[in-house]
Amino acid sequence: MEEKVLAERARLRFAPSPTGYAHIGTARTALYNFLLARHLGGDFILRIEDTDRRRYMEESVADIVTSLHALGIDWDEGPDKGGAYGPYRQSERLPIYHEYLHRLIETGHAYPCFCSGEKTAASQHKGDKKGSDSASGSGSAASGSGSGSAPTPVATGYDRTCRSIPPEEARRRMEKEPYAIRFKMPLSGTTVAHDALRGDITFDNSLLDDHVLLKQKQPGEKWAWPTYHGAAPIDDHLMKITHIVRGDEWLPSIPRHVLLFKAFGWEPPVFCHLPVILSPSGKGKMAKREGSTAVREFLKAGYLPEALRNFILLLGWSGKNDQDIYSLEEAIAAFTMEGISKSPAAFRTDKLDWLNGVYIRNLSTEELAERLAPYMQEAGLLKDPADAGERDYLKQIVPLIQERITLLSDTPELVRFLYEEPPEYEAALLMQKVSAEEASRILQTALEVVAAAEPFTGEHLHAVLKEAAERLGVKAGQMFLPLRVAVSGRPVSPGSVTDIMAILGRDKTRARLAKALGKLGKL
RNA sequence: GCCACCAUCGUCUAGGGGCCUAGGACGCCGCCCUUUCAAGGCGGUGGCGCGGGUUCGAAUCCCGCUGGUGGUACCA
């Protein structure tokens, strides 16, 4: 079966539902689908699954599109691009679902359900809902059971009242009563579904319910809306999707989908369910509670999109060798389903931080300055359209921070002293490695050297100050610490002291040295 | 509760019966380099959840247990 599928052109889709900002899990699913599609030389399709009108969020689609683009993911067909299998928004495909799903009633694979939403809601949830009973944990199992005769447990879901309505009567009632369409689940037997990662999985049909495929039509609406289970398989077939790579949360509903394909007489595609991404603590799904989840938040926080992409690539997939850094092209070449891991991964940012540093260090000065600009502007150190002089100044500064930042957003506070007067500091900071007298002599000498240095470059300043240190009989470390404090206001600052001086220029450097000397003078 | 999936260093993972005294990366620790902090180089710490099988031999196969996660909607 898989050979047969692979013989045709591969077509993969990413089908998010626009209920919020694109989050990390979303991005990973999109990335894996994209990489596999490209690896197989096939098509990649974006399809918007907007059948949930209640949770629909307007900015969501735009955010998903920008987030994916930022990560380097692009598609061949989609709502913004069109394509031969459109439309690509489910909200625009309502008549299609209507037709196919009603066809299922004709063939006896589904039936209309006239029960109200309230009634069905009441007939289900006979079993526990998870959080409802407070502090269950270890207690519940021990306490309740014993010999108590629990009410006969209903398997799950809808009680199938309407399943036994004779077809003739059902047809008549459909004329004037609102109805939903439910799948007629086999009452016995098993369904075997195949997952590319886990092999065959067997499900007991008697445990599966008659789930809704088409929701009840709402007053005033022309068409009824489908559920995910009603719409996705139809779209996947009509769009000639060959591989479905999606989140683990869909694994339990895979029998519903293969049964539906079977009911239509269609060949199901290859299924591959990705393990969930756990929160950093490893407890539960990644959720907003434990830090950021949206791609846009990571980008705003100062992560490079290519680093983020590299990180999520590795979060649940690994290649044949021990490679850690993958360009997009390398990822496409190396990505196969076999490399996807089956167990869930905790979202820890340690490695992401490291990767971000690696990518930052690999950027050219110009490129990094470009990427830094928004953060500098946000911090008020750069005007919004920055003029040539400002951009030039920033480029001078970039080498000082390139090797020491983890996040782009680390930069402004690190280099603020190159834009503004450093904040007041204690005179004691000048004397960490030397006595007050020595510090005075060092500063005094530096003042003279700086006044005369020509050219005023980091390199030359370094040479002449080193000489001065020898003359004074102090070690380099003793020489440069007080100068660093004087010039940057802190004992720890980016760059070599002499590079800082060169960037500041002769006048500012002299002023700051003099000010430091003044502090010592008052002692 | 029921159903399903998963289970190798702290984290991400390699491993598909002998090549494993279990490899890599991040983190952590130490040393080197060094005008601070970084970066870089070198070294180290650290793991096959438990119990049964199968086999000459098991991290690798099977069963059970335990644990984790997901699902159980006219949400996706």
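Below, chain A is the first sequence line, B the second, and so on; all start at residue 1. Reckoned from all heavy atoms, side chains included, excluding hydrogens, waters and symmetry mates.
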When you get a sec, tell me which of B/U36, B/A39, B/A4 is the closest nucleotide to the side chain of A/V492? B/U36
Salt bridge present between A/K466 and A/E470 (N-O < 4.0 angstrom): no
Measure from the side chain of A/P344, starting at C-beta and using heavy atoms only, and say which of B/C6, B/C74, B/A76 lies closest. B/C6
Of the listed nucleotides (B/U69, B/U8, B/A76), which one gets closest to any side-chain atom of A/S343? B/U8
Any idea how A/Y32 and A/F335 line up, ring-wise: parallel (<30°), tilted (30 to 60°), or perpendicular (>60°)? tilted
Residue pair A/Y97 / A/D235, side-chain donor-acceptor N/O under 3.5 Å: yes
What is the separation between atom CZ on A/F480 and atom C1' on B/U35, rounded to the nearest whole Å? 5 Å
Per A/I201 side chain, nearest of listed nucleotides B/A4, B/U35, B/G70: B/A4
Give the nucleotide from the list B/G27, B/U8, B/G70 with an atom nearest to the side chain of A/W354. B/G27
Using only heavy-atom distances, determine whether the side chains of A/S341 and A/S343 contain a donor-acceptor pair under 3.5 Å. no
Is there a side-chain contact between A/K215 and the phosphate of B/A76, meaning an N or O under 4.0 Å from OP1 or OP2? yes
Roughly how far apart, to the nearest Å, are B/U21 and B/C31 at atom P? 33 Å
For nucleotides B/C6 and B/C61, find the distance between their P atoms and express it as a whole number of Å. 12 Å
A/I405 CD1 to B/A39 P, in whole Å, measures 12 Å
Inter-nucleotide C1' distance (B/C48, B/U8), Å rounded: 4 Å
Could you tell me the Watson-Crick or G-U partner of B/C50, where both distances fall under 3.5 Å? Say none if there is no partner. B/G64
Look at the side chain of A/R198 and the base of B/C5, then say whether one donor and one acceptor between them are separated by less than 3.5 Å. no
Gap in Å between the two P atoms, one belonging to B/C20 and one to B/C63, rounded: 29 Å
Give none if B/G1 has no partner; otherwise give the nucleotide forming a Watson-Crick or G-U wobble pair with it, both distances under 3.5 Å. B/U72
Are any of A/S318's side-chain N or O atoms less than 4.0 Å away from OP1 or OP2 of B/A14? yes
Of the listed nucleotides B/U13, B/U35, B/C26, the one nearest the side chain of A/D350: B/C26
Do the ring planes of A/Y303 and A/F298 sit parallel (below 30°), tilted (30 to 60°) or perpendicular (above 60°)? tilted
How long is the line joining CD1 of A/I277 and C1' of B/U69, in whole Å? 13 Å
Any luck finding a side-chain donor-acceptor pair between A/H211 and A/R182 under 3.5 Å? no
Measure the distance from CG on A/L414 to C1' on B/C37 and round it to the nearest whole Å. 8 Å
Hey, what's the ring geometry for A/Y326 with A/W317, parallel, tilted or perpendicular (30° and 60° as the breaks)? perpendicular
Would you mind telling me which of B/U35, B/C74, B/C26 lies closest to the side-chain atoms of A/K351? B/C26
Figure out the OH/P separation between A/Y32 and B/C12, and round it to whole Å. 12 Å
Is A/R182 near enough to B/C74 that one of its side-chain N or O atoms lies under 4.0 angstrom from OP1 or OP2? yes
Do any side-chain nitrogens or oxygens of A/T227 fall under 4.0 Å of OP1 or OP2 in B/C74? no
Using the P atom on both, measure B/G44 against B/G23 and round to a whole Å. 11 Å
Determine the interatomic distance between C1' on B/A38 and the same-named atom on B/C75; round to the nearest Å. 48 Å
Please pick, from B/C74, B/C12, B/G70, the nucleotide with the shortest atom-to-atom distance to any side-chain atom of A/K285. B/G70
Euclidean distance for P, B/G16 against B/C74 (whole angstrom): 46 Å
What nucleotide among B/A39, B/U69, B/U36 has an atom nearest to a side-chain atom of A/R361? B/A39
What protein N or O atoms touch nucleotides 45-48 of chain B N or O atoms at under 3.5 angstrom, if any, and at what distances?
none

Ring center gap for A/H257 and A/Y228 short of 6.0 angstrom: yes
For the side chain of A/L207, starting at C-beta, report the closest nucleotide among B/U35, B/U13, B/C3. B/C3
